[in-house]
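Worksheet: one structure, shown below.
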Amino acid sequence: MEKYVPDEIELKWQRYWEERDLFRSLPGGEKPKFYCLEMFPYPSGRIHMGHVRNYAIGDVIARYKRLRGYNVLHPMGWDAFGLPAENAAINHGVHPAKWTYENIEYMKKQLKRMGLSYDWSREVATCSPGYYRWNQWFFLKMYEMGLAYRKSSSVNWCPSCSTVLANEQVINGGCWRCDTGVVEKELEQWFLRITAFADELLKGCDELEGGWPEHVIAMQRNWIGRSEGVEVDFPVAGLDERIRIFTTRPDTLWGATFLCIAPLHPLAERLVKDRDALEFQKSRYGVMEEKHGLFTGHYAVNPVNDAKIPIYVANFVLMEYGTGAIMSVPAHDQRDFEFAKAYDLPIQVVIQPEEGKLSEPLTEAYEEYGRLVDSGAFTGMKSSEAIGEIGRYLEEKGLGKRVVNYRLRDWGISRQRYWGTPIPIIYCDRCGVVPVPEKDLPVILPENISLTGTGESPLKGSEEFLSVRCPACSGRARRETDTMDTFVDSSWYFVRYCLGSGEIDLAAEAGKDASEIGYWMPVDQYIGGVEHAVLHLLYSRFFTRVLRKLGLVPGDEPFLRLLTQGMVCKETLSCPEHGWLLPEEVEDGHCSRCGKAVVKGRVEKMSKSKKNVIDPDYLIRRYGADTSRLFSLFAAPPEKDLEWSDRGIEGAFRFLNRIWNLVLGNEERLREARGISPEPVGAAAEVLFRKTHQTIKKVTLDIEDRYQFNTAIAAMMELFNQISSFHAESVEDVAVLRFAVKTLLLLISPFAPHLAEELWERTGERPSIFDQDWPQWDEDAAREEEIELVIQVNGKVRAKAMVRAGLSDEELRERALGDEKVRAFLQDREVRKVIVVKGRLVNIVVK
RNA sequence: GCCGAAGUGGUGGAAUUGGUAGACACGCAAGAUUCAGGAUCUUGUGGGGGCAACUCCGUGGGGGUUCGAAUCCCCCCUUCGGCACCA
């Protein structure tokens, strides 16, 4: 018999799909639309297993929806701006554009070889002027709307990447890309006012409930970090100044025994005489290990009780949050408590627990709610009530006001790098900051540039780029030399895909009644890594809101449903002397270089540096695309981490081989039965017929309701096992066999599309299998005729009996009580209760 | 510290609303085929006890609710992820 050679059939069908342009999608028509999107890759050189998994999941959904009769949009593109291209230029002298486009070419070949059902006509690369001109256009629009602004601020600077990082891009004090510790630096930066949407973005989270994973929504909410509180002004004794503080606990206002301001607070310079001491505080700013304070020599007056309390500069008070100043209530805030202990400041209890009394002196702050004591008119009130009441009181007296604070900060987008979108701004000595007129877009990134990696914006070195006529006065002016954060590119690419190939004109799209964007948006299913749970997803949600204001998209939320796939992991191997090892560097558990015993490390995310990677090219060469896809879908549910297993991929390959052998071994018979409708005759045929309908149901619901591809595949394996143990004897039998096989092929087609196409053709059907309808199950045909009744006595299984399906509760009860084995257990004990679970189980409770 | 997810055979993982724990696969064992190995096929496979019918134990640990708990509630342990002086 002909052997299963994936290479042959996979290339054959990929060619066929491409020639027939099968996955090209057009807007409109009768069918409902379905926009299926996977996060586009950065063209780093080659795809990795994470991509294989991500795109396999997306392709199953896209192909499934297509078979279900949806008009599917399933595009792919390249997140093509970014640092690695620039670093390649610095290190190897190759131009970022050349490097990027060569990578795209190779990776595109890899994706095509995987047999993914993309509409490649919509492919975009964000580094092309036709794309990034719209980044610039959005920037200008936001500038007009007051959503883009420039300010000098202290920024997170990565010395290794020589660029600024947004807050979201700092992970544990390090750069999100290279882990290098970030340092503070003062720079002029462009910001996008994402905070203007803080409340909307937070409220929008409710809408995502059900469609997005709970923990991703939680992280978004967390990041936005809304908190309600009050701002209170504390006059500075003897000076005409007041310090505004923010607190979420106005119920502790009477317990404030000192006041702290951030080292960078505008008043710090004025209040502190000792410059050196202040500089020291600044240097300790953000150092978590220890709380440092500096007494200013000044006092503030607590407006609710006129208490004079000392003012400190404290290294732990953040200028970026709230007002940069706090009232310190050591009795009820642990940080203040520690500070008070260190500087020997008074601790005043103003909250007592509902039950019991705090024993003084305190050993730690009591941070819970309770009842107010020593708090003027509010004494005796519960914290929960006092918080609101005191807020109102402060507003009435003009001492303060209730406010909402967010943790979210504006998005700094300036990057001192070359390979990104030039910010379309011109600086003129006479006119100041002048936006580039829309008609002059795009501001093209110049190609002749020297990249040295010194940390200066590379565009500063291009006189040709730099010097420009001011659009307002035509005088000599110079361009902004910073480029945009690449997260800008990925914040709207899903909108770009809606517009098909070639140049686009978003200005003309705005406000259109029946736009293609309006037809396809929002994305119905988005699939990608959880590492973007905050950054990319939050930015995209922000952008979509701006786009809506521009009349470009119909709704606020870009992604209706989100699937965050788990990481692809593999065991690590390391040698005490030579570090991480590849599997082939290990011989019998010893390092092949030095002979030392190899340590089997934890199962960790595949990474080149840990040498625990599997190359997708190798997999496809050895097993084919279908097997690679099937394995990554079968080994774990999509949202969980997937552990690589050599045995596992062998198993997937064997399964496809078995299907191949089964169909080819029956090719003639299956062809001959074409056109005969499957009517099962005899018990075996009935069982197979029923199993086939049951499998359709199971696979459909597993995909539809839960994206549980692993159990869907398991169900198909069960069906296969049933088929292969079925011996077709009569013509009727073969018709049933054919029905079962055809069904199996249809069900597996989203998972292993090439094999399904090939075998579909071999059974005498015409291609493409993807022009077929997804099979329907018949509830009656799927119903079991007999069920196994489980009989329990006092909750323990004591007997099982095959009974006709559909018996009444009373009949089941009688059957159970009459069971011989059961009677032995019951003997003459008193039956107190009998519980019947419909069609399944009877539990007899005896004394 | 706070928020979130998870803990089930030798392994990856099933168990849809509380109703037969371990589907499916891997691995392992025995057998068939083969000169042999590989591949393939068949059968078995949670642990303990028994020749066996059978029986006891078993979903991180401890308690609880229930006729019945992997599933619900309380406490604890472990692992992973996120945030982390946010006032």
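Heavy atoms only: backbone and side chains are in, while hydrogens, waters and symmetry mates are out. In what follows, every chain begins at residue 1, and chains take the letters A, B, ... in the order their sequences are listed.
- Side-chain nitrogen and oxygen atoms of A:Asn721 include at least one within less than 4.0 Å of the OP1 or OP2 phosphate oxygen of B:rA25.
- No hydrogens or angles considered: nothing links the side chains of A:Asn405 and A:Ser227 as a donor-acceptor pair under 3.5 Å.
- Residue A:Arg706 qualifies as enclosed at atom CZ: its count of foreign heavy atoms under 6.0 Å is above 12.
- For B:rU20, the OP1/OP2 oxygens have no side-chain nitrogen or oxygen of A:Lys800 closer than 4.0 Å.
- If you check every strand for non-hydrogen atoms under 4.0 Å, A:Phe655 touches nothing.
- As judged by a 4.0 angstrom heavy-atom cut-off over every strand, A:Val317 is placed among the base-contacting residues.
- OP1 or OP2 of B:rA15 lies within a sub-4.0 Å distance of a side-chain N or O belonging to A:Arg706.
- Under 4.0 angstrom from either OP1 or OP2 of B:rC57 there lies at least one side-chain N or O belonging to A:Lys796.
- For A:Glu788 against B:rU20, a side-chain N or O and a base N or O form a donor-acceptor pair under 3.5 Å.
- Between A:Glu231 and A:Arg242 there is no salt bridge, since no side-chain nitrogen of the basic residue lies less than 4.0 Å from a carboxylate oxygen of the acidic one.
- Using bins of under 30°, 30° to 60° and over 60° for the plane-to-plane angle, the ring pair A:Tyr4/A:Trp660 lands in the tilted bin.
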Fill in the blank from the handout: Pairing string of RNA chain B (Watson-Crick or G-U wobble, both atom distances under 3.5 Å; | = paired to other strand) is (((((((..(((......[....)))((((((.......))))))((((....))))..(((((..]....))))))))))))....
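- No option in A:Arg690, A:Arg804, A:Arg840 other than A:Arg690 meets the salt bridge (Lys or Arg N to Asp or Glu O under 4.0 Å) test with A:Glu784.
- An OP1 or OP2 oxygen of B:rA87 is reached within less than 4.0 angstrom by no side-chain nitrogen or oxygen of A:Arg407.
- Phosphate proximity of B:rA14 to A:Asn710: present, with a side-chain N or O under 4.0 Å from OP1 or OP2.
- Residue A:Arg654 has a polar side-chain atom (N or O) positioned under 4.0 Å from OP1 or OP2 of B:rC26.
- Syn is the classification of B:rG9, since its glycosidic angle stays within 90° of 0.
- OP1 or OP2 of B:rA87 lies within a sub-4.0 Å distance of a side-chain N or O belonging to A:Ser227.
- The shortest side-chain heavy-atom distance between A:Asp333 and A:Ile326 does not fall under the 4.5 Å cut-off.
- Within the 4.0 angstrom heavy-atom criterion, no nucleotide atom of any strand lies near A:Pro213.
- Looking only at side-chain heavy atoms (C-beta outward), A:Leu408 and A:Arg226 stay at 4.5 Å or farther from each other.
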